[in-house]
Protein chains: 2
Amino acid sequence: MVRPNAGTKGVPRLDRESQILAIASQEFGMRGFTATSVATVAKRAGISKPLIYNYFGSKEGLYEACLDLGGSLVADEIERIARGDSVGIERGMETLGGMFALLEQRRYLWRLFFDVTAPSTGAIADSIGVYADRIGKLAEEGVAELMGLAGNDDELDISAMTSVWLGIVDSLMNWWVEHPEQTAEQMMQRCVRLLTAIVGGAEQ
Amino acid sequence: MVRPNAGTKGVPRLDRESQILAIASQEFGMRGFTATSVATVAKRAGISKPLIYNYFGSKEGLYEACLDLGGSLVADEIERIARGDSVGIERGMETLGGMFALLEQRRYLWRLFFDVTAPSTGAIADSIGVYADRIGKLAEEGVAELMGLAGNDDELDISAMTSVWLGIVDSLMNWWVEHPEQTAEQMMQRCVRLLTAIVGGAEQ
DNA sequence: CCTATATGACTTTCGGGTAAGTTACCACCA
DNA sequence: TGGTGGTAACTTACCCGAAAGTCATATAGG
């Protein structure tokens, strides 16, 4: 049986893995876990499906690898900023800036942790949970500080506000994906302008 | 061949259709288009799959029907509020209140128009586009007013802010879905508190 | 008896996953 | 220096289950 190109490319495993992960993260991030097909990832990477299974075991394994890569990247950065001494809105803006700088070349990464189509049980759910919790905890901590400054300690209010805050980051990331020409710096300045518009508008 | 109950229920088509649509909207809204199976909808409705195909033609047809139902509901309400004379943040809060009141019994409806797993081409995409555009246009109009009050007419700023605004509504709806015991009234009051916390925090 | 309502059982399609093999390269030895 | 065998990289062709979609038929009521 003739099998053109079988084994002829000779790309080292680690190189190939990063290449696959880069493409897979993008697909998962853009379309969500369920709507992403392994065959599509393979095709985009110019390789065959079994190679992916050989390296990552399963579709879930592939997703987990993406999560591990992106999750620590994002969570570490947020943690770094949380260790600083800014509080309230200022801390929020700093976090935004950090995310913009970090994800400029891979904006879709953010979506991995908030994919509603990912399995809700099993290893993936655990893995998502780890990072979503880590990010969520930090967000909640910052939000609680902000709310505390305003004299509000209501747990549900904090929970809802955290959800809103993550939603805002999510929206900005999605908008950024659709405006690839915008730099991280421009995004940051834009956010400052948006904030002033809100505050100014609410004071009237 | 014995087929128990075939044709014995005698439910008028229109009644059956609304019943199916109510269940389908919930499934599509909660799980997304891809993750929803027609068989599940049929089972939950206590009927067989072919009946759904008989009435709606295809899974996409079923989704479109849900969109038409939910889309006009939501868009009409937003339009109604937009015709009022409130502007800026106030108009935003009024719109939120309208959404809470309208969707209290069907909070998942909101998600139909922002489902990333829905097909991005074909009739569905068109249909989503119609309603997303209609809602998006109204949102953008309101946002532009708000930004104008703050002396900002930048088109990209307005576009980004619109995205953020829709993201906020989205977050609140999702949070609401996960807190079923919260009433529309409670949500509205919560939003007022959240807004004051943001404004207060930014003024420091 | 005709039509609307309804169904069980089937075919088709699609995507995750696998079996079995092919090619290239390198280390080792005569 | 050239053969050789082991291994890493890679492929085609398939399996299988789940879900979309269809067909032929059954029941009830005007």
Side-chain angles (χ1 to χ4, degrees), chain A residues 1-21 23-24 27-28 31-66 115 117-124, chain B residues 1-21 23-24 27-28 30-66 117-124:
Chain A
M1 186 186 308
V2 168
R3 237 170 282 207
N5 295 328
T8 59
K9 298 175 186 169
V11 177
R13 174 164 183 160
L14 286 181
D15 292 3
R16 193 59 98 188
E17 282 183 352
S18 344
Q19 181 207 2
I20 293 171
L21 283 180
I23 293 171
E27 288 287 324
F28 283 134
R31 304 187 205 291
F33 179 83
T34 304
T36 294
S37 98
V38 178
T40 303
V41 174
K43 185 173 278 183
R44 279 197 49 195
I47 57 168
S48 68
K49 206 169 40 148
L51 191 60
I52 295 184
Y53 280 89
N54 190 24
Y55 287 169
F56 298 98
S58 64
K59 185 182 180 182
E60 305 213 345
L62 180 60
Y63 193 74
E64 268 197 86
C66 294
D115 184 352
T117 76
S120 53
T121 59
I124 289 229
Chain B
M1 187 188 310
V2 168
R3 235 171 285 205
N5 295 329
T8 60
K9 298 175 185 169
V11 177
R13 174 165 186 160
L14 285 181
D15 292 4
R16 192 61 99 189
E17 282 183 351
S18 343
Q19 181 207 2
I20 294 171
L21 284 180
I23 294 172
E27 288 287 323
F28 282 134
M30 292 192 322
R31 306 188 202 289
F33 179 82
T34 305
T36 294
S37 97
V38 177
T40 303
V41 174
K43 186 174 278 182
R44 279 196 51 195
I47 56 167
S48 67
K49 207 168 40 144
L51 191 60
I52 294 184
Y53 279 89
N54 190 24
Y55 286 169
F56 297 98
S58 66
K59 185 182 181 182
E60 305 213 345
L62 180 60
Y63 194 75
E64 267 197 86
C66 292
T117 77
S120 54
T121 58
I124 290 226

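Remember, it's a predicted structure, so these values are computed and weren't measured experimentally. The analysis underlying the following values was restricted to heavy atoms, covering all of them including side chains, and did not include hydrogens, waters or symmetry mates. To find a chain, count down the sequence lines: A is the first, B the second, and so on, and within it residues start at 1.
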What's the spacing between A/L14 CG and A/Y55 OH if we round to 0.5 Å?
9.0 Å
If I compare all heavy atoms of A/A45 with all of A/R16, which pair ends up nearest, and what's the gap?
O-NH1, 4.2 Å
Please verify the inter-ring angle class for B/Y63 with B/F33; under 30° counts as parallel, over 60° as perpendicular, anything in between as tilted.
perpendicular
Nearest 0.5 Å please: distance from the CZ atom of B/R13 over to the CD atom of B/E17.
4.5 Å
Just to be sure I understand the geometry, which residues of residues 11-21 of chain A put a non-hydrogen atom under 4.0 Å away from DNA chain C?
none
Please work out if A/S48 contacts a base, only the sugar-phosphate, or nothing of the nucleic acid, heavy-atom cut-off 4.0 Å.
base
Over how many whole Å does the gap from B/K49 atom NZ to D/dT22 atom P extend?
10 Å
Can you measure B/F56 atom CZ to D/dT22 atom P for me and round it to whole angstrom units?
16 Å
In whole angstroms, the gap separating P of C/dT5 from CD1 of B/I52 amounts to 15 Å
In whole Å, I'd like the distance from the CG atom of B/L62 to the C1' atom of D/dA19.
14 Å
Among D/dT11, D/dG21, C/dG15, which nucleotide has an atom closest to any side-chain atom of B/S58?
D/dG21
Side-chain N or O of A/Y55 closer than 4.0 Å to phosphate OP1/OP2 of D/dA8:
no
Just the rounded figure in Å: distance from P of D/dA8 to CG of A/N54.
10 Å
Of the nucleotides C/dT18, D/dA20, C/dT7, which one has an atom closest to the side chain of B/S37?
D/dA20
Which pairs count as salt bridge (Lys or Arg N to Asp or Glu O under 4.0 Å) when at least one residue sits in residues 48-58 of chain B, sequence neighbours excluded?
none
Quick one: does A/T117's side chain have a donor or acceptor within less than 3.5 Å of a partner on A/T34's backbone?
yes
Using whole Å, what does the distance between atom C1' of nucleotide C/dT23 and atom CG of A/L51 come to?
14 Å
Rounded distance (Å) that lies between atom P of D/dA19 and atom OH of B/Y53:
12 Å
Taking only the side-chain nitrogens and oxygens of A/K9, find out if one of them lies under 4.0 Å from OP1 or OP2 of D/dC10.
no
Heavy atoms under 4.0 Å, any strand shown: does B/T36 hit a base, just sugar-phosphate, or nothing?
sugar-phosphate
How long is the gap from CD1 on A/I23 to OG1 on A/T40, to the nearest 0.5 Å?
11.0 Å
Whole angstroms only, please: what is the NZ-P distance between B/K43 and C/dG8?
12 Å
